[in-house]
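Quick notes on the structure that follows.
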Amino acid sequence: MCSWCWGFRPTAQELFARLPAQLTRVNMLAGLAPDSDEPMSSLQRNAIIGHWRRIERLLGTRFNYDFWKKCQPRRSTYPACRAVIAAANQGREEEMILAIQHAYYLEARNPSDIKTLRQLARQIGLDKKIFDEHLQSAVTEAELQKQIAFARSLHITSMPALVYEDEHKRRLLTVDYLSYKTTLQEVQSLVGDSGGQ
């Protein structure tokens, strides 16, 4: 539910398709905003709308501003994070990430709402009963907290973030919103330095 992650998605997909074959890509959830039933303040709404407009101008990313009229926005992204983990348990993590982004940014649906997340799970073909069990389980919550703690341990201050890790080093990579080539060159250099490990 990070609008910059949505803006970065096309470039990220190009990058991921070109990563060296010996690398394994792992998604990590940084949490962003804990559970809340409080409506978003007008100040916060305006700030996020401002981000959308800036991303639109810089990257050409599409947003559906009807979200702000049709939904009751809350600063609460943990439910969507749990939905990604629940979908990953059925091997459908990537599909859920994309479904959440489409619902939020293009379809003016609120992925802070459990009802929306359940609809998205059905939409991508998940087993409803298993998804519901995992969505609100203690195991899913523990996994979310583990991923958040890991992201914090990396001192990530903004999203999206890309991290390269091997047995010798862990390094934040450049996020170039306009070209996958910047990051790919960094990765290729790091893979070369590690002797192809």
Side-chain angles (χ1 to χ4, degrees), residues 1-19 23 25-34 36 39-85 87-88 92-113 115-117 119-121 123-124 144 147-148 151 154 156-164 172-187:
M1 289 178 65
C2 160
S3 49
W4 285 100
C5 293
W6 173 238
F8 185 52
R9 185 176 180 86
T11 302
Q13 295 306 305
E14 288 190 64
L15 170 66
F16 299 154
R18 291 168 174 81
L19 288 174
L23 294 186
R25 183 173 66 86
V26 178
N27 291 320
M28 296 298 296
L29 298 161
L32 193 59
S36 174
M40 199 180 283
S41 71
S42 58
L43 189 66
Q44 198 159 55
R45 288 166 72 116
N46 291 336
I48 294 172
I49 291 168
H51 290 307
W52 287 18
R53 288 193 174 121
R54 184 165 180 236
I55 294 164
E56 211 168 38
R57 269 194 325 273
L58 292 173
L59 307 176
T61 306
R62 285 180 45 231
F63 293 94
N64 183 346
Y65 292 89
D66 286 346
F67 174 83
W68 303 100
K69 298 176 205 152
K70 289 172 64 177
C71 296
Q72 175 66 272
R74 302 192 316 282
R75 184 84 170 140
S76 182
T77 63
Y78 281 22
C81 291
R82 290 187 199 98
V84 169
I85 294 168
R92 308 295 289 280
E93 176 183 28
E94 291 294 333
E95 291 97 327
M96 181 56 86
I97 291 169
L98 184 58
I100 288 168
Q101 289 176 326
H102 271 240
Y104 183 26
Y105 296 115
L106 300 178
E107 300 165 6
R109 295 161 67 193
N110 194 344
S112 295
D113 295 338
K115 177 183 171 189
T116 301
L117 298 170
Q119 290 168 348
L120 296 176
Q123 183 181 306
I124 66 170
L144 174 58
Q147 291 190 32
I148 291 170
L154 298 174
I156 292 170
T157 57
S158 65
M159 290 175 263
L162 299 168
V163 179
Y164 175 87
L172 279 171
L173 300 170
T174 303
V175 174
D176 183 338
Y177 291 92
L178 299 173
S179 175
Y180 69 88
K181 292 177 183 175
T182 307
T183 311
L184 184 60
Q185 287 169 356
E186 277 185 62
V187 170

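We're numbering straight along the sequence, starting at 1. Bear in mind the structure is a predicted one, so any value in this text is a computation, not a measurement.
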Ignoring hydrogens and geometry, is there a side-chain-to-backbone donor-acceptor pair from S112 to S76 under 3.5 Å?
yes
To the nearest 0.5 Å, atom SG of C81 lies from atom CD1 of I148 at 6.0 Å
Would you say T116 and Y104 make side-chain contact, with heavy atoms under 4.5 Å?
no
Evaluate the side-chain proximity of Y164 to L162: yes if any heavy-atom separation is below 4.5 Å, no if none is.
no
Check side-chain contact (heavy atoms from CB on, under 4.5 Å) between A12 and all other residues, then give those that pass, not counting sequence neighbours.
F8, F16
Do M28 and I156 have side-chain heavy atoms sitting under 4.5 Å apart?
no
Would you mind reporting whether L117 and I100 have side-chain heavy atoms less than 4.5 Å apart?
yes
Minimum heavy-atom separation for L154 and L172, please, with both atom names.
O-CD1, 4.4 Å
What's the spacing between R25 CZ and E94 CD if we round to 0.5 Å?
4.5 Å
Indicate yes or no: at least one non-hydrogen side-chain atom of P111 is less than 4.5 angstrom from one of Y105.
no
Looking only at heavy atoms, what is the nearest atom pair of P160 and V175, with distance?
O-CG2, 3.6 Å
Rounded to the nearest 0.5 Å, how far does CD of E107 lie from CD of Q119?
10.0 Å
Can you tell me how far the CD1 atom of I124 sits from the CD atom of E93, to the nearest 0.5 Å?
10.5 Å
List the residues meeting side-chain contact (heavy atoms from CB on, under 4.5 Å) with T77, not counting sequence neighbours, and say none if there are none.
M1, L32, A33
Atom CE in M96, atom CD1 in I85: separation rounded to 0.5 Å?
11.5 Å
Taking only distance into account, with no hydrogens and no angle test, what donor-acceptor pairs under 3.5 Å do side-chain atoms of residues 48-61 form with protein atoms, sequence neighbours excluded?
| from | atom 1 | to | atom 2 | distance (Å) |
| --- | --- | --- | --- | --- |
| E56 | OE1 | Y65 | OH | 2.9 |

Applying side-chain hydrogen bond (donor to acceptor under 3.5 Å, both in side chains), name anything that partners T174, two or more places apart in sequence or on another chain.
E186
Any pair counted as salt bridge (Lys or Arg N to Asp or Glu O under 4.0 Å), so long as it reaches residues 60-76, sequence neighbours left out:
D66-K69, R74-D113
Any idea which heavy atoms bring L19 and L23 closest together, and the distance?
CD2-CD1, 4.5 Å
How long is the straight-line distance from NZ of K181 back to CD of Q185, given to the nearest 0.5 Å?
8.5 Å
Scan for side chain to side chain donor-acceptor pair (under 3.5 Å) pairs involving residues 4-18, sequence neighbours excluded, and state none if there are none.
R9-Q101, R18-Y180
